[in-house]
Amino acid sequence: MYELKSLNKMLTLIDGLVGHVRIKKRQHIIISLAVFGMMMTTFSKFFFFTDRLSNYGISPRMVSVFGSGLFFVLLILIFISLDKNTDTDVKFNTWIGIPLLLIVVSYLITGIVEKAPKQIVWALVYSFVFVPISYRLANSDNRKIFIKSLVTGVAAYGILVLILNVALSPVVARNSYYRLRYTGVLTNPTILGYNLNIFIVVYAYIIYKKVFVDKANFRKLSDGLVLAIAIWGMSMSWFAILLTKSRGSFLGILGVMFFFAVMCIKGLFKIHINAKNLVTILVIAVVMMLSAYKLSDSILQRDLKALNIKGHYTITHMMFGRIQEKSNFKNLDGYNCYMEPKNLTEAQRKVWRDLDKLTTHRVWIWYIYSQHLGFIGHKNRTFIIPGYTKGLERQSHNATLEVTFNGGYIAGFGFLLIEITTGIYALITLFRKKEYADNNLEMLFLSLAAIAFCMNGIFSTINTLTTYSITMMYYMALTTVGFRKSDESLTTTKQQL
């Protein structure tokens with residue numbers, strides 16, 4: 001942490017100017033609803049029935065623009081719902097702030113040089129929206145309300161999507177499967193995978209907090225019901241991710257689940273849970289997981305019946321590609337043939353083929369994009385990726401590569417530094433010796449969100465804040481560690497270990 005007095009004065013001035021517009025009551029409810037609304041703006045862009053609105057004169061482009069505008073309105077609502085930061089002695093987290101500054105400056109330069117207004121807009125968004133919110137979150141009370149509301153809003157959104165997947169599965173099945181991959185009520189299995197990642201993040205957080213921080217008595221109806229819903233949501237998300245066959249999303253969920261499992265094992269050794277409460281937890285967990293599996297299996301069977309697929313197949317059959325009847329599924333891949341760079345040796349060609357298979361052809365896309373990088377970013381992609389259907393848009397399929405392409409080498413370096421920093425925070429959280437209290441859980445939540453985002457970012461372009469729910473959650477989590485009071489430094493060994 002480092003104290004920048006000029007920055008503090010500027011943010012104090014901004015905070016004071018807008019401080020007259022504030023919401024004093026029911027802040028938790030308002031922020032939760034705002035977060036839920038922000039998630040719904042991304043959902044609307046990929047909802048299965050959105051395309052049908054064109055029959056009524058509402059194009060998908062109109063839905064996208066309206067959703068992005070509503071997102072910023074809700075973001076401002078969150079800001080004014082947080083109390084004004086009255087602490088003048090606030091320190092700046094240089095490990096997050098300096099890389100963010102590199103990205104902002106690089107995007108501004110690219111926007112000016114390449115006449116790319118999109119880059120300038122995003123630079124202003126990161127500078128003038130998230131920094132003031134992060135400054136207000138230096139206040140521990142604001143931070144506690146914000147994290148609680150963020151989790152509540154995403155959890156409610158998760159339950160809604162999972163229920164819609166159950167209710168509408170036979171209706172959308174004939175158009176929602178392609179290449180034996182499940183999309184639920186969305187239009188793409190990978191997009192569903194992003195959503196499932198954030199669901200597991202928030203449900204894991206809720207379970208850990210209830211069991212090891214709140215030390216709740218789960219024989220009480222309210223606490224038992226919250227635990228049951230969280231375990232059911234996590235289980236449904238796990239089975240759904242197997243049906244999507246999305247490798248990046250599956251890798252993200254594996255990372256989150258591993259982190260969560262280690263944290264729970266540590267918690268069991270640190271905190272004594274009485275026998276009755278432990279038995280109650282186990283009973284709830286078994287019942288919810290079994291019900292989630294049976295429900296997920298029934299969804300699969302109904303969908304396969306709607307697709308005229310004969311035979312009884314399980315969720316694992318879907319995940320590992322054992323269903324042979326492919327003629328009933330859509331094929332939207334657009335990839336025509338295996339591609340490789342010129343002049344490869346036999347040894348290099350073998351490695352390349354293995355990487356091509358492992359990444360489902362993404363290594364070729366990465367290679368083509370890497371030939372067009374520089375210190376200045378690009379307004380848009382003007383080159384063709386050989387091997388793909390003409391006119392089919394192909395993004396870089398890597399979060400860091402996409403930032404580098406859009407903003408240049410320095411922007412990419414800054415983005416990579418932020419990912420590395422949050423990865424280090426996750427390791428600190430994993431090996432932390434002190435118990436968590438109700439007012440210092442932001443590092444736990446950020447760790448879970450960072451694992452999900454960074455793992456998915458290896459294989460996907462998920463940088464657009466207003467488009468992807470997983471990106472929203474990650475950036476919102478980052479705002480909780482941007483500033484701290486001087487006596488709350490994140491970097492001190494005493495606080496973290």
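Only this structure's heavy atoms are used, side chains among them; waters, hydrogens and symmetry mates stay out. From a predicted model like this one, the values you see are computed outputs, not experimental measurements.
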Applying side chain to side chain donor-acceptor pair (under 3.5 Å) to Ser149 and not counting sequence neighbours gives His28
Selection residues 446-456 - residue pairs positive for side chain to side chain donor-acceptor pair (under 3.5 Å), sequence neighbours left out | Asn197-Asn456, Ser249-Asn456, Thr429-Ser447
When every non-hydrogen atom of Ala123 is compared with those of Val104, the smallest separation belongs to CB-O, 3.7 Å
Arg247 charged N/C atom sitting above Phe459 aromatic ring, 6.0 Å / 45° = no
Hey, what do you get for CG (Leu227) to CG (Leu225), rounding to the nearest 0.5 Å?
-> 9.5 Å
Looking at Ile253, Ile200, Leu254, which one forms a side chain to side chain contact (heavy atoms under 4.5 Å, CB included) with Ile241?
-> Ile253
How far does CG of Leu196 sit from CG of Leu186, to the nearest 0.5 angstrom?
-> 8.5 Å
Is the backbone N or O of Ile271 less than 3.5 Å from a side-chain atom of Lys215, with the two atoms forming a donor-acceptor pair by type?
-> no
What residues, two or more places apart in sequence or in another chain, satisfy side chain to side chain contact (heavy atoms under 4.5 Å, CB included) together with Val65?
-> Arg61
Closest heavy-atom pair and its distance - Ala452, Ile470 = O-CD1, 3.6 Å
Trace of the side chain to side chain contact (heavy atoms under 4.5 Å, CB included) decision for Val35 with Met473 | CA-CA 9 Å; Val35 170; Met473 185 181 69; over 6 Å; no
Partner residues of Thr280 under the side chain to side chain contact (heavy atoms under 4.5 Å, CB included) criterion, sequence neighbours left out = Phe218, Arg219, Ile284
Is there side-chain contact between Val154 and Tyr203, with heavy atoms separated by less than 4.5 Å?
-> no
Non-hydrogen side-chain atoms of Phe415 and Thr404 separated by less than 4.5 Å | no
State whether Asp83 and Arg136 are salt-bridged, where the test is any N-O pair (Lys NZ or Arg NE/NH1/NH2 against Asp/Glu carboxylate O) under 4.0 Å.
-> no
So, Ser246 side chain and Thr190 main chain: donor-acceptor pair closer than 3.5 Å or not?
-> no
Locate the shortest heavy-atom distance separating Arg143 from Thr480; write the atom from each residue and the value.
-> CD-O, 3.5 Å
Check against side chain to side chain donor-acceptor pair (under 3.5 Å), Ser460 and Tyr468 = CA-CA 11 Å; Ser460 301; Tyr468 303 111; over 6 Å; no
Between Lys209 and Tyr205, is any pair of side-chain heavy atoms under 4.5 Å apart?
-> yes
List the atom of Ile418, the atom of Leu100, and the distance in Å for their closest heavy-atom pair.
-> CD1-N, 4.1 Å
Side chains of Lys91 and Phe483: does their closest heavy-atom pair fall under 4.5 Å?
-> no
With sequence neighbours excluded, tell me which residues meet ring-ring contact (aromatic ring centres under 6.0 Å, His included) with Phe453.
-> Tyr474
Step by step, work out the side chain to side chain contact (heavy atoms under 4.5 Å, CB included) result for Val262 and Leu430.
-> CA-CA 8 Å; Val262 173; Leu430 199 62; 3.5 Å; yes
Passes side chain to side chain contact (heavy atoms under 4.5 Å, CB included), Trp95 versus Val481? Steps please.
-> CA-CA 10 Å; Trp95 291 104; Val481 296; over 6 Å; no
Quick one: are Ile191 and Thr183 in side-chain contact, heavy atoms under 4.5 Å?
-> no
Just grab all the side chain to side chain donor-acceptor pair (under 3.5 Å) pairs involving residues 234-243, residues at least two apart or on different chains.
-> none
When you check the side-chain N and O atoms of Lys148 and Ser32, is any donor under 3.5 Å from an acceptor?
-> no
Ring center gap for Tyr208 and Phe260 short of 6.0 angstrom | no
Which value, rounded to the nearest 0.5 Å, describes the distance between Leu150 atom CG and Met472 atom CE?
-> 11.5 Å
To the nearest 0.5 Å, tell me how far Met289 CE sits from Phe239 CZ.
-> 8.0 Å
Just by modelled atom types, is the Ala216 backbone N or O under 3.5 Å from a matching donor or acceptor in the Asn277 side chain?
-> yes
Between Asn142 and Gln27, is a side chain to side chain donor-acceptor pair (under 3.5 Å) present by the stated rule, with each step listed?
-> CA-CA 10 Å; Asn142 277 345; Gln27 294 163 301; 5.2 Å; no
Stepwise side chain to side chain donor-acceptor pair (under 3.5 Å) check, Gln119 with Thr110 | CA-CA 7 Å; Gln119 272 83 338; Thr110 296; 5.9 Å; no
Taking only residues two or more places apart in sequence or in another chain, which ones pass side chain to side chain contact (heavy atoms under 4.5 Å, CB included) with Val283?
-> Val279, Val287
Find out whether Met234 and Met288 are in side-chain contact, i.e. whether some heavy atom of one side chain is under 4.5 Å from a heavy atom of the other.
-> no
Given side chains that start at C-beta, do those of Val166 and Ile299 come closer than 4.5 Å, heavy atoms only?
-> yes
Can you tell me if Thr50 uses its side chain to pair, donor with acceptor, with the backbone of Pro60 under 3.5 Å?
-> no
When rounded to the nearest 0.5 Å, the distance separating OG1 of Thr152 from CD1 of Ile145 is 11.5 Å
Work out which heavy atom in Val201 is nearest to a heavy atom in Ala449; give both atom names and the distance.
-> CG1-N, 4.0 Å
Short question: side chain of Ser106, backbone of Ile103 - any donor-acceptor pair under 3.5 Å?
-> no
Test Met38 against Ile78 for side chain to side chain contact (heavy atoms under 4.5 Å, CB included), laying out the working first.
-> CA-CA 11 Å; Met38 290 165 66; Ile78 290 175; 3.6 Å; yes
Measure the spacing between CG of Leu416 and CG of Leu102 and express it to the nearest 0.5 Å.
-> 11.5 Å
Count the heavy atoms of every other residue, nucleotide or ligand shown that sit under 6.0 Å from CZ of Phe413, and state whether that count exceeds 12.
-> no
Partner residues of Ile29 under the side chain to side chain contact (heavy atoms under 4.5 Å, CB included) criterion, sequence neighbours left out = Arg26, Leu33
Just jot down the side chain to side chain donor-acceptor pair (under 3.5 Å) partners of Tyr157, sequence neighbours excluded, or say none.
-> Asn195
Of the non-hydrogen atoms in Gly252 and Ile451, which two are nearest, and what is the gap between them?
-> O-CG2, 4.2 Å
For residues Ile229 and Ile159, determine if any side-chain heavy atom of one lies less than 4.5 Å from a side-chain heavy atom of the other.
-> yes
With sequence neighbours excluded, residues passing side chain to side chain donor-acceptor pair (under 3.5 Å) with Thr400 = Glu419
Mind checking salt bridge (Lys or Arg N to Asp or Glu O under 4.0 Å) for Lys210 and listing every partner two or more places apart, or none if nothing turns up?
-> Asp223
Go through the structure and list residues passing side chain to side chain donor-acceptor pair (under 3.5 Å) with Thr42, not counting sequence neighbours.
-> none
